[in-house]
Amino acid sequence: MAFRLAQISDTHLSPRVPAFSANFSILADHLRGLRPDLVVNTGDLSLNGADDAADLVLARTAHDGLGLDWLAVPGNHDLGDDPLPKCRQPANAERLARWRAQIGPDLFLRDVPGWRLIGLNSQITATELPEAEAQIEALARALEGAAGRAVAIFLHKPLCEERMDETGVTYWCVQHAPRQRIFDLLSRHRPAFVANGHVHQWRDRGVSEGLRQIWAPSAAFIVGDAYQAVVGEKQLGYVEHLLHADGTFESRLVTLPGLMRHDIGEMPELYGPQKRLAA
Ligand SMILES: [Fe+2]
Ligand SMILES: [Fe+2]
């Protein structure tokens with residue numbers, strides 16, 4: 001029997017936004033009926049946990065309310081971000097401590113039949129925090145210790161948009177220097193797949209540069225075409241991964257009737273006006 005893992009992402013929960021809690025309720029009802037073996041949220045559990053602990057508290061309560069085994073890695077809205085130009089909420093020790101106090105560890109390692117599941121914190125990879133270096137060392141140990149298990153990696157941001165040697169500084173992906181270090185480790189110990197969120201688009205394009213990268217959609221909102229290029233599919237839902245003990249797997253997008261397709265571009269009260277794409 002396959003291990004059923006539900007990868008949810010970008011739930012953006014807050015007491016201030018009942019509309020996103022309503023979408024989470026539909027997802028939660030579905031998961032409670034399905035009873036997957038594990039739920040993994042790949043980040044942005046909260047609307048603004050980076051500055052407001054109340055959002056993390058609600059996210060924690062909502063996930064505990066699933067009555068299911070669950071794990072999470074932080075997103076930029078939970079923990080802040082790599083110190084990019086104009087970054088309003090840099091990931092720092094205070095924000096990391098808040099995440100850990102309200103949600104738990106920012107990394108995970110879980111062995112299930114035939115598989116090793118590794119959760120990474122993509123939000124600190126380009127910071128000077130000692131946890132950034134410790135994370136690389138922990139990843140190396142986790143890969144070396146997989147002992148024949150298939151490996152799946154979970155993190156908030158995609159490693160890259162198209163190619164691992166991209167050098168552009170971008171809000172959307174892990175930055176170039178830490179990406180190269182992670183990719184170097186993954187090149188020596190190939191994971192079966194790397195799963196992320198953050199882009200709010202579903203994408204599974206098969207193997208590129210030896211890595212299968214699976215992008216989970218948000219369960220809360222999409223970013224409308226006026227504000228974000230289409231690089232995958234702008235769906236709402238989650239990803240189901242069926243992990244077989246022999247290391248094979250199937251991953252698929254699950255859409256749910258009833259999820260309201262909110263466009264963050266039309267909700268400037270939450271994150272401010274979104275920048276329109278050039279016509
Ligand atoms: Fe998000
Ligand atoms: Fe994000």
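For clarity, every value in this text was computed on a predicted model and none was experimentally measured. In what follows, residues are counted from 1 in the order of the sequence shown. Order of listing sets the numbers, starting from 1, for every ligand and every atom in it. Only heavy atoms go into these numbers, but all of them, side chains included; no hydrogens, no water, no symmetry mates.
Open room surrounds CZ on Arg181; 12 or fewer heavy atoms of other groups in view lie less than 6.0 Å from it.
With a cut-off of 2.8 Å, the Fe ion (ligand 2) has no N, O or S atom of His77 in range.
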Passes side chain to side chain contact (heavy atoms under 4.5 Å, CB included), Arg95 versus Gln123? Steps please.
-> CA-CA 11 Å; Arg95 291 188 165 110; Gln123 302 313 118; over 6 Å; no
Check the pair Asp55, Leu13 against side chain to side chain contact (heavy atoms under 4.5 Å, CB included), reporting the backbone distance first and the verdict last.
-> CA-CA 6 Å; Asp55 289 3; Leu13 292 164; over 6 Å; no
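Between the side chain of Arg179 and the main chain of Val174, a donor-acceptor pair closer than 3.5 Å is present.
The OD1 atom of Asn76 and the NE2 atom of His156 subtend an angle of 90° at the Fe ion (ligand 2), given to the nearest 10 degrees.
Closest approach between the Fe ion (ligand 2) and any N/O/S atom of His198 involves ND1. Of all N, O or S atoms in Asp10, the one lying closest to the Fe ion (ligand 1) is OD1. In terms of distance to the Fe ion (ligand 2), the nearest N, O or S atom of Asp44 is named OD2.
Between Val239 and Trp202 the shortest side-chain heavy-atom distance falls below 4.5 Å.
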